[in-house]
Amino acid sequence: MTPAQLGVGARFSLHPMTSGFVDVILGALAAGDTSRLEVTTDDVSTFVRGDEADVLTYQRDVIAAAASGGVHVVAQVLLSRGCPGEVACELPDDVVLHPVELPALAPTGLRASAHWALYPLDDGGPDPHGGARTADHMAGIYAAIERARERGTLTRGEHFVTRLDGDLADVLATVADGWLLVGREVRHVTTHATISLGSPGAAPPAGITGAATSGTAHEDVR
């Protein structure tokens with residue numbers, strides 16, 4: 001099935017903190033490889049549809065290009081996978097998407113900070129593997145948090161979000177990894193991240209040395 005039939009895609013917006021924002025945005029959009037993607041930009045955001053790996057690689061390249069000149073850039077990233085969130089999706093109601101393993105993203109050399117939220121849209125419907133199922137969206141969320149800890153990008157829980165820090169490629173990979181991890185069991189999953197690069201007020205997160213080690217109930221991704 002095609003990405004359109006599976007409901008796989010993304011939307012993102014770039015916000016360069018400079019009076020020359022138009023040139024930064026347009027130059028960054030042109031820096032990404034769209035040969036295997038459907039990309040549409042309007043006055044609000046850019047829509048991207050294609051395989052998960054191609055979507056993620058395109059976003060890494062575009063966001064990195066926007067921040068490469070040293071301008072403070074904020075990117076709003078939304079990833080969605082499955083139905084009924086995509087208007088063109090044709091996935092049957094009882095099907096969960098097949099597992100996807102993303103290739104490693106090459107590092108960008110750009111430090112990024114992000115507020116990350118994950119939304120398993122699980123209403124407790126039939127288990128595609130057979131048997132009864134009750135909605136337990138937090139199980140997938142906690143699994144995604146643990147995966148972020150293993151990657152070394154997890155910083156701490158914040159109000160309604162989890163903070164991530166690291167190379168832009170690692171931060172994006174963490175966001176996508178949790179999204180796909182939950183997608184192995186939940187038919188429709190979305191995830192959102194606000195990513196900041198080059199902020200003049202940025203500082204290394206307190207207490208971070210390699211992989212994050214704090215483990216409290218407040219480390220929650222909504």
Side-chain angles (χ1 to χ4, degrees), residues 10-17 44-46 52 55-56 59-60 62-64 66-67 70-82 85 102 105 107-122 135-186 188-222:
R11 279 196 175 272
F12 72 102
S13 300
L14 295 174
H15 307 280
M17 309 302 171
V44 179
S45 65
T46 292
E52 292 90 339
V55 168
L56 192 64
Q59 290 189 321
R60 177 205 60 192
V62 170
I63 296 171
V71 172
H72 178 201
V73 173
V74 173
Q76 299 283 354
V77 173
L78 171 69
L79 304 174
S80 189
R81 190 169 190 263
L102 292 175
L105 286 177
T108 64
L110 299 170
R111 183 171 183 82
S113 300
H115 285 166
W116 171 42
L118 177 63
Y119 307 96
L121 302 177
D122 185 358
D136 183 12
H137 65 280
M138 289 307 301
I141 289 173
Y142 285 133
I145 291 172
E146 186 58 33
R147 186 71 65 87
R149 189 195 313 279
E150 293 169 0
R151 280 186 172 272
T153 53
L154 176 66
T155 302
R156 59 180 175 270
E158 300 279 6
H159 296 291
F160 312 122
V161 296
T162 289
R163 172 154 179 153
L164 306 174
D165 288 275
D167 187 277
L168 171 62
D170 293 334
V171 168
L172 281 172
T174 300
V175 172
D177 201 20
W179 173 57
L180 294 174
L181 177 67
V182 172
R184 292 170 180 262
E185 301 295 334
V186 179
H188 184 204
V189 182
T190 64
T191 190
H192 178 268
T194 300
I195 304 173
S196 177
L197 302 95
S199 170
I208 295 298
T209 54
T213 56
S214 59
T216 69
H218 187 54
E219 286 177 358
D220 186 6
V221 185
R222 302 294 183 185

Discussion item. Restricting to non-hydrogen atoms, name the atom on His72 and the atom on Gly198 that form the minimum distance, rounded to 0.1 Å.
Written reply: CB-O, 3.5 Å

Practice prompt. Considering non-hydrogen atoms only, spot the tightest contact between Gly183 and Arg81 and give its length.
Written response: O-NH1, 3.8 Å

Response to the item:
Arg60 and Ala169 have their tightest heavy-atom pair at CD-CB, 4.2 Å

Practice prompt. Only counting residues at least two apart or in another chain, list the ones meeting side-chain hydrogen bond (donor to acceptor under 3.5 Å, both in side chains) with His15.
Written response: none

Practice prompt. Could you go through the side-chain contact (heavy atoms from CB on, under 4.5 Å) check for Asp170 and Leu164 one step at a time?
Written response: CA-CA 9 Å; Asp170 293 334; Leu164 306 174; over 6 Å; no

Practice prompt. For Leu14 and Ala66, work out which heavy atoms get closest and say how close.
Written response: CD1-CB, 4.1 Å

Practice prompt. Please name the pair of heavy atoms, one in Val171 and one in Ala112, separated by the smallest distance, quoted to 0.1 Å.
Written response: CG2-O, 3.9 Å

Item to complete: Ignoring hydrogens and angles, tell me if any N or O in the side chain of Asp167 forms a donor-acceptor pair with the backbone of Gly109 under 3.5 Å.
Response: yes

Worksheet item: Under a 4.5 Å cut-off applied to non-hydrogen side-chain atoms, are Met17 and Val74 in contact?
Response: yes

Fill in: Result of checking Thr194, Ile63, Val175, Thr191 against Val77 for side chain to side chain contact (heavy atoms under 4.5 Å, CB included)
Ile63

Worksheet entry | Close side-chain approach of Pro120 to Met138, heavy-atom, < 4.5 Å | no

Worksheet item: Could you give the distance from CG (Leu102) to CG (Leu56), rounded to the nearest 0.5 Å?
Response: 6.0 Å

Practice prompt. Using the side-chain contact (heavy atoms from CB on, under 4.5 Å) rule, take His192 and Gln76 through it: C-alpha gap first, then chi angles, then the decisive distance, then the call.
Written response: CA-CA 7 Å; His192 178 268; Gln76 299 283 354; 3.0 Å; yes

Item to complete: Return the set of residues passing side-chain hydrogen bond (donor to acceptor under 3.5 Å, both in side chains) with His115 (not counting sequence neighbours), or none when no residue passes.
Response: none

Worksheet item: Strictly by modelled atom types, are Thr155 and Asp165 linked by a side-chain donor-acceptor pair under 3.5 Å?
Response: yes

Worksheet entry | Trp116 and its side chain to side chain contact (heavy atoms under 4.5 Å, CB included) partner, picked from Thr162, Val161, Thr153 | Thr162

Worksheet item: Taking all atoms of both residues into account, what is the closest heavy-atom pair of Ser80 and Thr190, and its distance?
Response: OG-CG2, 3.3 Å

Worksheet item: Partners of Ser13 by side-chain hydrogen bond (donor to acceptor under 3.5 Å, both in side chains), sequence neighbours excluded?
Response: none

Discussion item. In the structure I gave you, are the side-chain heavy atoms of Leu118 and Val189 within less than 4.5 Å of one another anywhere?
Written reply: yes

Worksheet, complete the sentence: Contacts of Ala64 meeting side chain to side chain contact (heavy atoms under 4.5 Å, CB included) (sequence neighbours excluded), chain-then-number -> Thr108, Leu110, Leu168

Worksheet entry | Listed partners of Asp177 passing side-chain hydrogen bond (donor to acceptor under 3.5 Å, both in side chains), at least two apart | Arg147, Arg151

